[in-house]
Asker: 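Handing you this structure, nothing more for now.
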Amino acid sequence: MTTTEVAKVALVGDRSPNVVSHTRIPELLHTLAAHDRLVLDAYWIPSEDAEAEGAVRGFDAVWVVPGSPYRSEAGVLAAIRTARTQGIPFLGTCGGFQHALLEFARGACGLTGVAHAENDPDAEDFLIEPLACSLAGHEDTVLLEAGSLAQTVIGAERTVERYSCHYGPSRHLDTLSRHGLRFSGRDPRGQVRVAELPGHPFFLASLFQPELYGDGSRPHPMIRGLARAAVDHATAGTRVPA
């Protein structure tokens, strides 16, 4: 793809030099520009700042990065909600995946009482709970549904990915599916690992961290897919005014 269009991307999360995925992002952005001609002008938006009205409007993509627990659950959910309802390309990874499901459950399914156990351990109804076996530091196979966005972007129906998480989805997944969320990737035991929203320009979330792909010198196909969607969004001139 050849273009000189610059796409504005919001990196939502609490930036830290101790989170490997965060430290890899600058090199990934450089590689996307140098080798794929996908030029992204990225802005870090701390989760607390994302609470502000219109914090991610005017962007061509929203990328909710790993690093939970976020300082502001409300800010992360607000950013995801804007991307989902305004047709802004979205990628959520690890904590971003968990919060994308939480936002959809509350905002699209009416499950206003569901909670994330890491953020609200005393809640009565959890959507996101501790995994039976932590995936921190693990690699595992992910099986992707044929014809899904995830399969199209990755270019295969099976992939091996790296994780760094302790929490994942548990209850209410049938309700989320009935309201339109597609669970397009699962581990060999059938546990949900990828979600997407059909009909949206680009809405993809994974429990694994594509930022940890390889040695960090080449973007994972999901990150490249977000970049293409962001540049398409910028080229089409469909930004929502800030």
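Treat the numbers as computed from the prediction; the structure is a model and nothing was measured.
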Asker: To check you understand the geometry: which heavy-atom pair defines the closest contact between Val153 and Phe202, and what is its length?
Answerer: CG2-CE1, 4.0 Å
Asker: A side-chain contact here means heavy atoms from C-beta on lying under 4.5 Å apart; do Ile88 and Asp60 qualify?
Answerer: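 No, side chains not in contact.
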Asker: Locate the shortest heavy-atom distance separating Ser68 from Glu118; write the atom from each residue and the value.
Answerer: OG-OE1, 3.4 Å
Asker: Taking the six-membered ring for Trp, are His116 and Phe126 closer than 6.0 Å centroid to centroid?
Answerer: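 Ring centres of Phe126 and His116 not closer than 6.0 Å.
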Asker: With a 4.0 Å cut-off on N to O distance, would you call Glu145 and Arg186 a salt bridge?
Answerer: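 No, no charged N to carboxylate O under 4.0 Å.
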Asker: Decide yes or no for His172 and Val114: does some side-chain heavy atom of the first lie under 4.5 Å from some side-chain heavy atom of the second?
Answerer: yes
Asker: Nearest 0.5 Å please: distance from the OG1 atom of Thr159 over to the CG atom of Leu143.
Answerer: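 With rounding to 0.5 Å, OG1 (Thr159) is 10.0 Å from CG (Leu143).
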Asker: I'd like to know if Phe183 and Leu131 are part of one continuous hydrophobic network [Ile/Leu/Val/Met/Phe/Trp/Tyr, side-chain heavy atoms within less than 4.5 Å].
Answerer: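 Looking at the clustering, Phe183 is in the same group as Leu131.
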Asker: Does the side chain of Glu211 pick up a donor-acceptor pair with the side chain of His22 at under 3.5 Å?
Answerer: no
Asker: Is any side-chain heavy atom of Met222 closer than 4.5 Å to one of Ser206?
Answerer: yes
Asker: Quick test of your reading of the model: are Asp14 and Arg71 salt-bridged, counting only N-O distances below 4.0 Å?
Answerer: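 Looking at Asp14 and Arg71, the cut-off is met.
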Asker: Give me the atom names and distance for the closest heavy-atom approach of Cys94 to Ser164.
Answerer: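 Looking at all heavy atoms of both residues, the closest pair is SG-O, 3.7 Å.
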Asker: Check whether the side chains of Glu48 and Ser72 place a donor and an acceptor atom closer than 3.5 Å, and report yes or no.
Answerer: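 Judged by distance alone, the side chains do not pair up.
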Asker: Determine, stepwise, if the pair Arg158 / Leu144 fulfils side chain to side chain contact (heavy atoms under 4.5 Å, CB included).
Answerer: CA-CA 6 Å; Arg158 177 188 295 264; Leu144 305 171; over 6 Å; no
Asker: May I ask you to decide if Gly96's main-chain N or O and Thr93's side chain share a donor-acceptor pair within less than 3.5 Å?
Answerer: no
Asker: Checking Leu127 against Leu111 for the side chain to side chain contact (heavy atoms under 4.5 Å, CB included) test, could you report, in this order, the C-alpha distance in whole Å, the side-chain angles of both residues, the deciding distance, and whether it holds?
Answerer: CA-CA 10 Å; Leu127 179 72; Leu111 297 173; 5.7 Å; no
Asker: Please report the closest heavy-atom contact between Leu28 and Gly216, naming both atoms and the distance.
Answerer: CD2-O, 3.5 Å
Asker: Donor-acceptor pair, distance only, cut-off 3.5 Å: does the side chain of His99 make one with the backbone of Gly95?
Answerer: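 Judged by distance alone, yes, a pair lies under 3.5 Å.
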Asker: If I compare all heavy atoms of Thr23 with all of Pro17, which pair ends up nearest, and what's the gap?
Answerer: CG2-O, 3.5 Å
Asker: From Trp63 CH2 over to Ile223 CD1, what is the distance, rounded to the nearest 0.5 angstrom?
Answerer: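 Between Trp63 CH2 and Ile223 CD1, I get 4.0 Å after rounding to 0.5 Å.
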Asker: Between Cys109 and Phe104, is there a side-chain heavy-atom distance shorter than 4.5 Å?
Answerer: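 With C-beta onward as the side chain, the pair touches.
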Asker: If hydrophobic clusters are built from ILVMFWY residues whose side chains come within less than 4.5 Å, do Phe208 and Tyr213 share one?
Answerer: no
Asker: Please report the interatomic distance SG(Cys165) to CD(Gln209), rounded to the nearest 0.5 Å.
Answerer: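 Here the interatomic distance stands at 7.5 Å.
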Asker: Can you name the closest pair of heavy atoms from Gly214 and Arg162 and give their distance?
Answerer: O-NH1, 3.7 Å
Asker: Do His200 and Phe90 pass the ring pair (Phe, Tyr, Trp, His ring centres under 6.0 Å) test, and can you show the C-alpha distance, the side-chain angles, and the key distance before you say yes or no?
Answerer: CA-CA 9 Å; His200 191 282; Phe90 169 81; 8.0 Å; no
Asker: Please say yes or no: joined through hydrophobic side-chain contacts below 4.5 Å, possibly via intermediate residues, are Leu212 and Val65 part of one cluster?
Answerer: no
Asker: Looking at Arg193 and Asp187, is there a salt bridge between them, counting it only when a charged N and a carboxylate O are closer than 4.0 Å?
Answerer: yes
Asker: Side chain to side chain contact (heavy atoms under 4.5 Å, CB included), that's the test. Do Leu40 and Val6 meet it? Break it down for me.
Answerer: CA-CA 6 Å; Leu40 306 183; Val6 177; over 6 Å; no
Asker: Hey, does Asp140 have a side-chain heavy atom less than 4.5 Å from the side chain of Glu161?
Answerer: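 Side-chain contact under 4.5 Å: no.
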Asker: To the nearest 0.5 Å, tell me how far Leu226 CG sits from His220 NE2.
Answerer: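 If I round to the nearest 0.5 Å, the distance is 12.5 Å.
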Asker: Going only through I, L, V, M, F, W and Y residues with side-chain contacts under 4.5 Å, is there a path from Leu207 to Val20?
Answerer: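 Different clusters: Leu207 never reaches Val20 through Ile, Leu, Val, Met, Phe, Trp or Tyr contacts under 4.5 Å.
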Asker: As an exercise, state the distance from CG of Asn119 to CG of Leu102, rounded to the nearest 0.5 Å.
Answerer: 7.5 Å
Asker: Taking the six-membered ring for Trp, are Phe59 and Tyr43 closer than 6.0 Å centroid to centroid?
Answerer: yes
Asker: Measure the shortest side-chain to side-chain distance between Phe97 and Pro169 over non-hydrogen atoms and say whether it is less than 4.5 angstrom.
Answerer: yes
Asker: Is any side-chain heavy atom of Leu197 closer than 4.5 Å to a side-chain heavy atom of Leu181?
Answerer: yes
Asker: Side chains of Arg182 and Phe203: does their closest heavy-atom pair fall under 4.5 Å?
Answerer: no
Asker: CG of Leu29 to CG of Leu11: how many Å apart, nearest 0.5 Å?
Answerer: 6.5 Å
Asker: Would you confirm whether Glu51, through its side chain, and Ala74, through its main-chain N or O, come within 3.5 Å as a donor-acceptor pair?
Answerer: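 Side chain of Glu51 to backbone of Ala74: no pair is present.
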Asker: Walk me through it: do Val62 and Thr82 pass the test side chain to side chain contact (heavy atoms under 4.5 Å, CB included)?
Answerer: CA-CA 9 Å; Val62 174; Thr82 298; over 6 Å; no
Asker: Salt bridge check: are Arg24 and Asp215 linked by an N-O gap of less than 4.0 Å?
Answerer: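 Looking at Asp215 together with Arg24, the answer is no, because their closest N to O distance does not fall below 4.0 Å.
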Asker: Report, as yes or no, whether the 6.0 Å neighbourhood of atom CZ on Arg106 holds more than 12 heavy atoms from other residues, nucleotides or ligands.
Answerer: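 Yes, the 6.0 Å shell around CZ holds more than 12 heavy atoms from other groups.
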